[in-house]
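So that the names make sense, note that chain A is the first sequence line, chain B the second, and so on, each numbered from 1. Note that the structure is a prediction, hence the values are computed from the model and not measured.
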Amino acid sequence: MLQQTPVARVLPVHQAWLDRWPSPAALAAEASGEAVRAWGRLGYPRRALRLHAAAVAIVADHGGVVPDSYDALRALPGVGDYTAAAVAAFAYRQRQVVLDTNVRRVLGRAVSGVEFPPRSVTKAERAVAEELLPADPPTAATWSVAVMELGALVCTADRPRCPTCPVVDRCAWHTAGRPAYDGPPRPVQTYAGTDRQCRGRLLAVLRDAPGSVPKSRLDAAWDIADQRERCLASLVADGLVVATGSGRYSLP
DNA sequence: CACACGTGGAC
DNA sequence: TGTCCAAGTGT
């Protein structure tokens with residue numbers, strides 16, 4: 001849920017989710033559409049589908065227990081490099097290089113002296129993170145969560161709280177006078193009128209309906225017919241929507 | 001490697 | 001008001 005979504009927005013959904021599905025087996029026993037519905041408006045609903053698929057895989061391949069090896073975690077749907085490392089480190093106290101946007105920003109500033117890290121993870125970043133990671137596994141795990149929290153709470157993207165930072169005296173960026181970011185501009189992420197917005201509107205209709213809906217309900221949710229049809233087809237292809245016959249649609 | 005993929009709060 | 005973007009992943 002936290003992949004590209006602010007913590008504050010995740011918290012209530014996360015709590016309700018665990019109340020309803022306290023184990024991978026509980027989630028795996030549900031229809032995937034229920035996961036999409038419970039996902040609500042967190043965004044990127046394919047994550048809900050992947051989380052459900054991960055629960056199914058955990059039951060099928062790991063006896064219902066979230067695996068503890070990086071490789072097994074990494075093989076689960078929706079679990080990439082960051083999430084596999086984070087679960088192995090935070091849940092199982094392993095020594096893993098956890099490189100999320102917070103850690104990258106902290107190391108970028110403290111070590112490299114730049115306000116923001118590169119667009120994508122570089123080998124140099126990974127080398128710096130590995131170099132700093134303590135050798136002892138549980139100590140490394142604590143280090144990882146600490147650096148991440150430092151980025152989330154103190155070394156924030158905007159308005160960093162340098163006066164309260166425990167490593168301000170050793171921060172290359174602060175020492176250099178907090179120079180402004182001068183790298184390439186980040187591409188603007190348009191949204192209004194995109195397929196993304198159209199898909200979101202269509203899925204919202206199905207999420208808020210108890211069962212299936214006639215296609216006329218979807219037609220009413222987006223004006224541009226060809227875009228609407230393309231998006232509906234892509235939602236079906238993604239497994240987020242199913243055609244139930246007689247021109248009706250529902251969550252899977 | 002670039003791009004698609006949702007959403008809503010902050011300024 | 002429009003712009004930015006937040007504990008990334010898959011293709």
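- Ala157(A) comes within contact range of the sugar-phosphate backbone alone, with a heavy-atom separation under 4.0 Å but no base atom that close.
- Counting heavy atoms from C-beta outward, Asp61(A) and Pro67(A) have side chains that stay 4.5 Å or more apart.
- Atom-to-atom distance recorded for Thr5(A):OG1 and Tyr44(A):OH is 8.0 Å, nearest 0.5 angstrom.
- Annotation: side chain of Arg50(A) is not in contact with side chain of Gln3(A) (no heavy-atom distance under 4.5 Å).
- dG6(B) and dC4(C) have their C1' atoms separated by 15 Å, given to the nearest Å.
- Look at the C1' atom in both dG8(B) and dT1(C): the space between them is 15 Å, to the nearest Å.
- Using a 4.5 Å heavy-atom cutoff, the side chains of Pro160(A) and Arg109(A) are in contact.
- Between Leu107(A) and Glu125(A) the shortest side-chain heavy-atom distance does not fall below 4.5 Å.
- Contact annotation: the side chain of Thr101(A) never approaches that of Tyr82(A) to less than 4.5 Å [non-hydrogen atoms, C-beta and beyond].
- Close approach of DNA chain C to chain A, defined as any atom under 4.0 Å from a non-hydrogen atom of the protein, starts and stops at dC4(C) to dG10(C).
- Each of Val79(A) and Ala152(A) was assigned the nucleotide of DNA chain C with the nearest heavy atom; the assignment lying further toward the 5' end belongs to Ala152(A).
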Under a 4.0 Å heavy-atom criterion, the protein footprint on nucleotides 4-11 of chain B, written with B, S and -, is -BBBB--S
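- The existence of a salt bridge linking Lys123(A) and Glu130(A) is excluded, since no basic side-chain nitrogen approaches an acidic carboxylate oxygen closer than 4.0 Å.
- Its side chain within the 4.5 Å cluster rule, Val213(A) clusters with Val36(A), Leu49(A), Leu202(A), Leu203(A), Val205(A), Leu206(A), Leu218(A), Leu232(A), Leu235(A), Val236(A), Leu240(A), Val241(A), Tyr249(A), Leu251(A) among the Ile, Leu, Val, Met, Phe, Trp and Tyr residues.
- Mapping Pro77(A) and Glu149(A) onto DNA chain C by nearest heavy atom places Glu149(A) closer to the 5' end of the strand.
- When heavy atoms are screened at a 4.0 angstrom cut-off, Arg104(A) is found touching no nucleic acid atom at all.
- Going from the C1' atom of dG8(C) to that of dA10(B) covers 22 Å, rounded to whole Å.
- Comparing dC5(B) with dA7(C), their P atoms are spaced 23 Å from each other, to the whole Å.
- For the pair Leu133(A)/Ser144(A), a side-chain contact is recorded, criterion being any heavy-atom separation below 4.5 Å from C-beta on.
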